[in-house]
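See structure below.
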Amino acid sequence: MWKPLFLCSLLGIVLVAAAFASPAVLAQIDPADLVTRQTARVAILFWGIAAMSLIVRQRDWARAAWTIGCLTFLIHVATAFDRVHGWSHLAALQHVQDVSGFGPGLFVSYAFTLIWIGDVGWWWADRASYDSRPRWLDLVIHLFFAFVVFNGTVVYETGFIRWAGILLFIILGMLFARRRLRQL
């Protein structure tokens, strides 16, 4: 149980440090935007690891990646509000409006954040209760997360990140299909 958490934590520390160091390497890009995007990408990577681990029934790895993903997502949120939005909800709302054409989509991000925190907290506070919760609740949470991540990587990104998002969802789909076929 502790080995996956240790390894995910170590990887998370290295990747978040790299995210904060990235403006030194990619000086031509706005540093605030770059760090904000990179921390989001680290969180999405851990979301993907957690989702894959859940599909292949590696719950200790899933919980570790889910936890580190949540922590790195909180770093992303803090970075975005500090470096990009000046701790202004209105500035964040306008940014989402400019990027997606739907400013109230920011509230989807708020819900995403709160659900992730609550889910991680539940998993650590009472694992037995968490593991025995209704399947529909797992399904709703993970479909919501998949919707947000798909939009964040495939719909609103370009280039390498879009292709990485597509690859992530292809891998998740293949793992899910393989699992379902084995159940037949």
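Note that the coordinates shown come from a computational prediction; the quantities given were computed from them, not determined experimentally.
Using a cut-off of 4.0 Å between Lys/Arg side-chain N and Asp/Glu carboxylate O, Asp60 and Arg127 are scored as salt-bridged. A salt bridge links Arg59 with Asp131: at least one charged nitrogen is closer than 4.0 Å to a carboxylate oxygen.
Note on Leu74 and Val35: separate hydrophobic clusters, where clusters join Ile, Leu, Val, Met, Phe, Trp and Tyr whose side-chain heavy atoms are under 4.5 Å apart, directly or indirectly. Hydrophobic clustering, with ILVMFWY side chains joined whenever heavy atoms are under 4.5 angstrom apart, keeps Ile13 apart from Trp61. Linking ILVMFWY residues whenever their side-chain heavy atoms come closer than 4.5 Å, directly or via other members, places Met174 and Ile166 in the same cluster. Two different hydrophobic clusters hold Leu139 and Phe150 under the rule that ILVMFWY side chains link at heavy-atom gaps under 4.5 Å. By the criterion of side-chain heavy atoms lying less than 4.5 angstrom apart, applied directly or through intervening Ile, Leu, Val, Met, Phe, Trp or Tyr residues, Ile55 is not grouped with Leu181; the two fall into different hydrophobic clusters.
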**Request:** Begin from the C-alpha positions of Asn151 and Tyr156 and carry the test side chain to side chain contact (heavy atoms under 4.5 Å, CB included) through to its verdict.
**Result:** CA-CA 6 Å; Asn151 278 286; Tyr156 293 111; 4.2 Å; yes
**Request:** Tell me, with the steps shown, if Phe145 and Trp66 meet side chain to side chain contact (heavy atoms under 4.5 Å, CB included).
**Result:** CA-CA 12 Å; Phe145 272 61; Trp66 194 241; 3.7 Å; yes
**Intermediate values then yes/no, side chain to side chain contact (heavy atoms under 4.5 Å, CB included), Trp123 and Thr67** = CA-CA 9 Å; Trp123 207 345; Thr67 302; 6.0 Å; no
**Asked** Can Trp163 and Val154 be said to form a side chain to side chain contact (heavy atoms under 4.5 Å, CB included), step by step?
**Response** CA-CA 7 Å; Trp163 287 107; Val154 177; over 6 Å; no
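Relative to the six-membered ring of Tyr130, Arg133 meets both conditions, a distance below 6.0 Å and an angle of at most 45° to the axis.
In this structure, the side chains of Gln38 and Leu15 stay at 4.5 Å or more apart for every pair of heavy atoms. Between Thr72 and Thr39 the shortest side-chain heavy-atom distance does not fall below 4.5 Å. By the 4.5 Å heavy-atom criterion applied to side chains, Gln97 and Leu93 are not counted as neighbours. When side chains are defined from C-beta on, Ser88 does not count as touching Phe81, because their heavy atoms never get closer than 4.5 Å. Side-chain contact between Ile117 and Cys70 is present, with at least one heavy-atom pair separated by less than 4.5 Å. Looking only at side-chain heavy atoms (C-beta outward), Phe102 and Val96 stay at 4.5 Å or farther from each other. Within the 4.5 Å cutoff, no side-chain heavy atoms of Leu71 are placed close to those of Phe46.
The number of heavy atoms from other shown groups lying within 6.0 Å of CZ (Phe20) is above 12. For CZ of Arg178, the number of neighbouring non-hydrogen atoms (other residues, nucleotides, ligands) closer than 6.0 Å is 12 at most.
Here Phe107 pairs with His89, Tyr110 under the ring pair (Phe, Tyr, Trp, His ring centres under 6.0 Å) rule; sequence neighbours left out. Residues forming a ring pair (Phe, Tyr, Trp, His ring centres under 6.0 Å) with Phe73 (at least two apart in sequence, or on another chain): His76, Phe112, Trp116.
Between atom CG of residue Asp33 and atom CD1 of residue Ile29 there is a gap of 8.5 Å, rounded to the nearest 0.5 Å. A distance of 12.0 Å separates CG of Leu175 from CD1 of Ile170, quoted to the nearest 0.5 Å. Rounding to the nearest 0.5 angstrom, the gap separating the CG atom in Leu168 from the CD1 atom in Ile49 is 9.5 Å. Here the CG-CG distance, from Leu54 to Leu172, works out to 10.0 Å after rounding to the nearest 0.5 Å. Atom OG1 of Thr36 is separated from atom CG of Asp30 by 8.5 Å, given to the nearest 0.5 angstrom. The CZ atom of Arg162 sits 9.5 Å away from the OG1 atom of Thr153 when rounded to the nearest 0.5 Å.
Of all heavy-atom pairs spanning Ala65 and Cys8, the tightest one is N-SG, 3.9 Å. Taking every heavy atom of both residues into account, Ser129 and Trp122 meet most closely at OG-NE1, 3.2 Å. Among all heavy-atom pairs drawn from Ile68 and Ser9, the shortest one is CD1-OG, 3.3 Å. When all heavy atoms of Pro31 and Pro23 are compared, the pair lying nearest together is CB-CB, 3.8 Å.
In this pair, Trp47 and Phe169 present their aromatic rings tilted. The plane angle is within the 30 to 60° band.
Through direct or relayed side-chain contacts under 4.5 Å between Ile, Leu, Val, Met, Phe, Trp and Tyr, Ile161 connects to Phe160.
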